[in-house]
Visitor: 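Here you go, one structure.
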Protein chains: 2
Amino acid sequence: MDIHNKTEEQVKFLRCIGEATRLRILKYIIDEEKCVTDIVNAVGKEQSLVSHHLKYLKDCNIVIARQKAQKTYYSLSHHRLAGIIIQSESLVKELPICQEKKCND
Amino acid sequence: MDIHNKTEEQVKFLRCIGEATRLRILKYIIDEEKCVTDIVNAVGKEQSLVSHHLKYLKDCNIVIARQKAQKTYYSLSHHRLAGIIIQSESLVKELPICQEKKCND
DNA sequence: CATTCATATGAATGATAATACATATTAATC
DNA sequence: GATTAATATGTATTATCATTCATATGAATG
């Protein structure tokens, strides 16, 4: 129908969750809000990098931030997000992604 | 547990479907196999680009190719793929991605 | 109020990936 | 078997994006 129905936004969303550090963050906060320091420890990346990714996720409305004193707690913005994450995870187990071909990892 | 449980493969999968041209291809072939020329017309991109993306998708086992004379027909490799695509599409409608913030598109 | 803790931000760099262009392959048709 | 049709591939360019480093902000605490 129109030029970019909703595909652009869907792409933005999938890109958002389709990055290793961000996906780890999302999985870590999937059922309970967590503060940045805990997230940093969980994903094992630099604090500034984690903050950049959290900003990215927040700007895409995938997570919400709650300020409490000096700490900021992040959680998923929508319960259905957990569903997508879990379903794609289980799909990948069935789908032999890069099992046979010349994949470099 | 181990260093990269299945997150890496899940990321690879999400990256794979999280690109505009590839997602359009996948949506176009979602319920019926299509040949390259039809896909090219559907997505409105260069033939070589479409072929590159099809190769990418095939190498990740997201699509399968069926040769018939000079034509190659592509289809989804797994029925659950359609589910993920449709569910993420409907989730995005609920999730106001980049509706409020400084998003450049 | 200076210091520490928690988090955010801006700029620079490096890596990765999408695209374009030229060309190759393979099969059909005249 | 030369030409056309359908698709694939290799290389170069360009754009995007993750990461790092340095620094800033803001709140708590001694």
Side-chain angles (χ1 to χ4, degrees), chain A residues 4 7-8 11-26 28-29 33-60 62-75 97-98 101-105, chain B residues 4 7-8 11-26 28-29 33-60 62-75 97-98 101-105:
Chain A
H4 62 229
T7 303
E8 289 306 326
V11 164
K12 190 184 285 272
F13 163 72
L14 291 166
R15 267 228 180 87
C16 218
I17 69 173
E19 196 282 325
T21 303
R22 286 195 293 267
L23 186 57
R24 292 209 183 86
I25 291 172
L26 293 172
Y28 180 62
I29 68 173
E33 63 171 15
K34 297 278 165 55
C35 73
V36 178
T37 303
D38 288 347
I39 297 170
V40 167
N41 292 330
V43 304
K45 296 285 167 122
E46 271 200 12
Q47 176 270 318
S48 74
L49 179 60
V50 169
S51 270
H52 278 301
H53 282 306
L54 286 170
K55 178 172 165 44
Y56 193 111
L57 290 166
K58 199 174 68 144
D59 285 350
C60 280
I62 286 178
V63 302
I64 55 175
R66 184 177 70 90
Q67 194 83 20
K68 165 97 176 187
Q70 320 99 305
K71 296 195 174 182
T72 312
Y73 292 89
Y74 286 88
S75 57
I97 291 186
C98 289
K101 308 264 173 173
K102 35 91 228 203
C103 269
N104 41 356
D105 45 24
Chain B
H4 63 230
T7 303
E8 289 307 325
V11 163
K12 190 184 284 275
F13 163 72
L14 291 167
R15 265 226 181 89
C16 218
I17 67 173
E19 196 281 324
T21 303
R22 287 195 293 268
L23 184 57
R24 292 211 181 86
I25 290 172
L26 294 172
Y28 181 62
I29 68 174
E33 64 171 14
K34 297 278 164 58
C35 72
V36 178
T37 303
D38 287 346
I39 296 170
V40 168
N41 292 332
V43 304
K45 295 285 168 125
E46 270 201 12
Q47 177 270 319
S48 75
L49 178 60
V50 169
S51 270
H52 278 297
H53 282 305
L54 286 169
K55 177 171 165 46
Y56 192 112
L57 290 166
K58 198 174 71 146
D59 286 350
C60 280
I62 287 179
V63 303
I64 55 175
R66 183 178 70 89
Q67 194 83 23
K68 166 98 178 185
Q70 321 100 302
K71 295 193 175 182
T72 312
Y73 292 87
Y74 286 88
S75 56
I97 290 185
C98 291
K101 307 260 172 179
K102 35 92 229 203
C103 268
N104 42 356
D105 43 23

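So that the names make sense, note that chain A is the first sequence line, chain B the second, and so on, each numbered from 1.
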Visitor: At under 4.0 Å, does any side-chain N or O of B/T72 touch on OP1 or OP2 of D/dA6?
Guide: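 No, because none of the side-chain N or O atoms of B/T72 sits under 4.0 Å from OP1 or OP2 of D/dA6.
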Visitor: Measure the distance from CD on B/E8 to C1' on D/dA18 and round it to the nearest whole Å.
Guide: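 Atom-to-atom, B/E8 to D/dA18, this comes out as 13 Å.
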Visitor: Starting at the 5' end of DNA chain D and moving along, which residue's nearest nucleotide shows up first, A/A69 or B/H52?
Guide: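 By nearest-heavy-atom nucleotide position, the 5'-most residue is B/H52.
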Visitor: Roughly, in whole Å, what's the span from CG in A/L14 to P in C/dA18?
Guide: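 Distance check: A/L14 CG to C/dA18 P gives 14 Å.
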Visitor: If you only use heavy atoms from C-beta on, which nucleotide in D/dC21, D/dT19, D/dA27 is closest to the side chain of A/E46?
Guide: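 For the A/E46 side chain, the nearest candidate turns out to be D/dC21.
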Visitor: Could you list all the salt bridge (charged side-chain N to carboxylate O under 4.0 Å, His left out) pairs where at least one residue sits in residues 33-47 of chain A, not counting sequence neighbours?
Guide: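 Qualifying pairs, neighbours excluded: A/E32-A/K34, A/E33-A/R66.
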Visitor: So B/Y73, base contact, sugar-phosphate only, or nothing? Heavy-atom distance under 4.0 Å.
Guide: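 If one applies the 4.0 Å heavy-atom cut-off, B/Y73 turns out to touch nothing in the nucleic acid.
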Visitor: Would you mind telling me which residue lines up with the more 5' stretch of DNA chain D, A/L49 or A/Q67, judged by nearest nucleotide?
Guide: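 Looking at the nearest nucleotide for each, A/L49 comes out on the 5' side.
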Visitor: Mark yes or no for a side-chain to base donor-acceptor pair under 3.5 Å between A/S48 and D/dC21, with no hydrogen or angle criteria applied.
Guide: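 A donor-acceptor contact between them is present.
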Visitor: Atom CD of B/E19 and atom P of C/dT16: how far apart are they, to the nearest Å?
Guide: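 Rounded to the whole Å, the gap is 18 Å.
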Visitor: So which nucleotide does D/dG30 pair with, by the Watson-Crick or G-U wobble rule with both distances under 3.5 Å?
Guide: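 Pairing partner: C/dC1.
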Visitor: Below the 4.0 Å mark, does C/dA18 have OP1 or OP2 next to a side-chain nitrogen or oxygen of B/R22?
Guide: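 Checking B/R22 against C/dA18: at least one side-chain N or O falls below 4.0 Å of OP1 or OP2.
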Visitor: Could you walk me through whether B/E19 and B/R24 pass the salt bridge (Lys or Arg N to Asp or Glu O under 4.0 Å) check?
Guide: CA-CA 8 Å; B/E19 196 281 324; B/R24 292 211 181 86; over 6 Å; no
Visitor: Would you indicate, yes or no, if C/dA8 has its OP1 or OP2 atom less than 4.0 angstrom from a side-chain nitrogen or oxygen of A/Y56?
Guide: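 Answer is no, no contact under 4.0 Å.
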Visitor: Kindly indicate whether the side chain of A/I64, heavy atoms from C-beta on, has any atom under 4.5 Å from the side chain of A/S75.
Guide: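 When only atoms from C-beta onward are counted, A/S75 and A/I64 do touch, with a gap below 4.5 Å.
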Visitor: Distance check needed: D/dA5 P versus B/N41 CG, whole Å only.
Guide: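 Atom CG in B/N41 sits about 14 Å away from atom P in D/dA5.
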Visitor: Is there a donor on the side chain of A/Q47 or the base of C/dA6 sitting less than 3.5 Å from an acceptor on the other?
Guide: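 Such a pair does not exist between side chain and base.
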Visitor: Round to a whole Å and report the spacing from CD of B/Q70 to P of D/dA6.
Guide: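 Distance, rounded to whole Å: 7 Å.
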Visitor: So if I apply the side chain to side chain contact (heavy atoms under 4.5 Å, CB included) rule between B/I25 and each of B/L54, B/V63, B/I62, which one comes out positive?
Guide: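 Passing option: B/L54.
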Visitor: Grab the NZ-P distance between A/K55 and D/dT20 for me, whole Å please.
Guide: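 These atoms are roughly 19 Å apart.
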Visitor: Rounding to a whole Å, what distance do you find between B/K71:NZ and D/dT4:P?
Guide: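 One finds 19 Å between P of D/dT4 and NZ of B/K71, rounded.
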Visitor: Distance-only, no hydrogens or angles: does the A/R22 side chain make a donor-acceptor pair with backbone N or O of A/H53 under 3.5 Å?
Guide: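 No.
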Visitor: Please state whether the phosphate of C/dT19, meaning OP1 or OP2, lies under 4.0 angstrom from any side-chain nitrogen or oxygen of B/H53.
Guide: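 Yes, because at least one side-chain N or O of B/H53 sits under 4.0 Å from OP1 or OP2 of C/dT19.
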Visitor: Nearest whole angstrom, please: distance from the P of C/dA6 to the CZ of A/R66.
Guide: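 Those two atoms, CZ and P, are 16 Å apart.
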Visitor: Would one find a side-chain N or O of B/S51 under 4.0 angstrom from OP1 or OP2 of D/dT9?
Guide: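 Looking at the OP1 and OP2 atoms of D/dT9, neither is under 4.0 Å from any side-chain N or O of B/S51.
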